[in-house]
Every structure is written in structure tokens, then in C-alpha cells.
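Atoms considered below: every heavy atom in the structure, side chains included; atoms not considered: hydrogens, waters and symmetry mates.
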Amino acid sequence: MAWTTPKTWSSEPLTSIDLNTHVRDNQNHLKDRLDASASRVISGATLLSTTANDFVDVDAAKLSLTLTTHGGDVLLGFTGTVRNNARAGTTNINVAVDGVDYVADDGLIGVRIATDGDSSRNKPVSFVMLITGLSAGSHGFKLRWKTSRNSTAHMDIVDLHPQFWAKEI
């Protein structure tokens with residue numbers, strides 16, 4: 001349901017058609033926007049991993065969202081853990097919006113491994129971001145990642161279940 005610019009009332013009679021169009025339908029529109037959200041909490045039997053040095057989808061099926069918006073801003077978030085097998089290895093996280101990486105260079109956030117012992121430990125990674133300027137309609141959001149050269153990045157989905165979500169605000 002689309003928003004209708006409210007009528008400027010004068011001394012004409014109040015009709016049910018006017019009330020339905022300018023009050024009920026606009027309230028329904030606002031409520032529909034509050035209800036628009038998508039989320040995934042994933043699990044599996046093995047770790048996700050990548051050796052890619054350019055951004056690739058973490059898991060195109062499990063960490064991909066589609067949200068139909070009314071033209072408002074979208075709040076997007078992720079919480080999970082990563083690790084990297086290389087000392088001084090970095091795992092970078094990004095988001096693709098409608099197939100285009102949202103941040104070009106090294107993405108939204110990076111997790112760097114400090115010592116050899118750290119390579120076997122999961123590091124928490126989390127972000128919340130505001131995406132503006134989306135038109136009304138269906139939009140796709142994919143979690144993406146890359147790692148530094150000569151290293152492998154892992155995401156635990158067995159014991160620690162990542163969550164990826166989007167909400168129109």
C-alpha cells in the first residue's frame with residue numbers, strides 16, 4: 001500500500017472514502033514499513049572458509065537476504081565469529097547491496113590475527129550499518145568476505161551461529 005498525501009480539510013462533509021484513504025490507508029502504510037524485515041541465523045556441520053583475496057559471498061544461500069522496502073532506509077547487521085590460519089592474516093567483511101559491494105576497498109570491518117596462537121581462536125565480528133537511498137522495491141543483501149594472501153579465513157557455523165539481518169526503518 002502506498003502513502004497518500006493527506007488531504008487538507010476544509011468545510012466539506014467528512015466521508016468514509018476520505019477517512020479510509022487519508023487515515024486508515026496511511027496508517028497501514030506506516031505499519032507495513034515497521035513490519036518489513038529479513039534475517040538468517042545459520043548453522044551447519046562444517047566451518048565456512050575462503051582463500052579469496054577479493055570479496056566473495058560467504059555463503060550465497062545461507063547468508064543472503066531479500067527485503068521488499070517502501071523506499072525507506074535499511075538498517076543492516078551481522079554478528080558472528082571468524083578466524084584466520086595465518087599469523088598477521090586479516091579477514092575482511094563486506095556487504096553487497098543488489099549485487100554491488102557497498103564499501104569498495106577493504107570492506108566494512110577487518111579482523112587481524114595477532115599471534116600464532118590466535119589462529120585457532122574465533123574472533124567476534126559484528127557491525128550495524130545504515131543503507132540510504134534505496135528505492136521502493138525488492139533488494140538483495142549478501143554477506144561477503146576476503147582474506148589476506150597465503151591465508152585461509154574460517155567462519156564458525158557449528159558451535160557459534162552467525163546472524164545476518166535487515167530491517168527497513
Interatomic distance, [X] atom [atom1] to [Y] atom [atom2] [nearest 0.5 angstrom]:
{"X": "N20", "Y": "Q27", "atom1": "CG", "atom2": "CD", "value": "11.0 Å"}
{"X": "T79", "Y": "L160", "atom1": "OG1", "atom2": "CG", "value": "11.5 Å"}
{"X": "D18", "Y": "W9", "atom1": "CG", "atom2": "CH2", "value": "4.0 Å"}
{"X": "L143", "Y": "F164", "atom1": "CG", "atom2": "CZ", "value": "5.0 Å"}
{"X": "T68", "Y": "H139", "atom1": "OG1", "atom2": "NE2", "value": "8.0 Å"}
{"X": "R24", "Y": "L19", "atom1": "CZ", "atom2": "CG", "value": "9.5 Å"}

Linking I/L/V/M/F/W/Y whenever any side-chain heavy atoms sit under 4.5 Å apart, do [X] and [Y] land together?
{"X": "L75", "Y": "F127", "result": "no"}
{"X": "W165", "Y": "L108", "result": "no"}
{"X": "M129", "Y": "I169", "result": "no"}

- Item | Residue D54 excluded, over 12 heavy atoms near CG under 6.0 Å | no

- In terms of heavy-atom contacts, does CG of L130 have more than 12 from other residues, nucleotides or ligands at under 6.0 Å? yes

- Query: What's the verdict on side chain to side chain contact (heavy atoms under 4.5 Å, CB included) for N53 and K146, showing C-alpha distance, side-chain angles and the deciding distance?
  - Reply: CA-CA 5 Å; N53 301 130; K146 70 178 183 177; 5.9 Å; no

- Note on the structure: From the list V158, D59, D156, side chain to side chain contact (heavy atoms under 4.5 Å, CB included) partner of L48 resolves to D59

Any idea which heavy atoms bring [X] and [Y] closest together, and the distance?
{"X": "D98", "Y": "S138", "value": "OD1-O, 4.3 Å"}
{"X": "K62", "Y": "G44", "value": "NZ-CA, 4.4 Å"}
{"X": "A60", "Y": "S64", "value": "O-CB, 3.0 Å"}
{"X": "S135", "Y": "T69", "value": "O-OG1, 3.2 Å"}
{"X": "A153", "Y": "T91", "value": "CB-OG1, 3.4 Å"}
{"X": "P124", "Y": "T81", "value": "CA-CG2, 4.1 Å"}

- Query: side chain to side chain contact (heavy atoms under 4.5 Å, CB included) with V111: which residues, sequence neighbours excluded?
  - Reply: V82, K123, V125

- Item | Non-neighbouring partners of D101 that pass side chain to side chain contact (heavy atoms under 4.5 Å, CB included), sequence neighbours left out | F55, N94, A96, R144

Residue pair [X] / [Y], side-chain heavy-atom distance below 4.5 Å:
{"X": "L63", "Y": "M155", "value": "yes"}
{"X": "H22", "Y": "T4", "value": "yes"}
{"X": "R83", "Y": "N122", "value": "yes"}
{"X": "P6", "Y": "N26", "value": "yes"}
{"X": "F78", "Y": "V95", "value": "no"}
{"X": "V41", "Y": "Q163", "value": "yes"}
{"X": "V74", "Y": "F141", "value": "yes"}
{"X": "N92", "Y": "W145", "value": "no"}

- Please confirm whether the backbone N or O of P162 pairs with a side-chain atom of R40, one donor and one acceptor, at under 3.5 Å? no

- Which residues pass the side-chain hydrogen bond (donor to acceptor under 3.5 Å, both in side chains) test with S151, sequence neighbours left out? N84, T147, S148

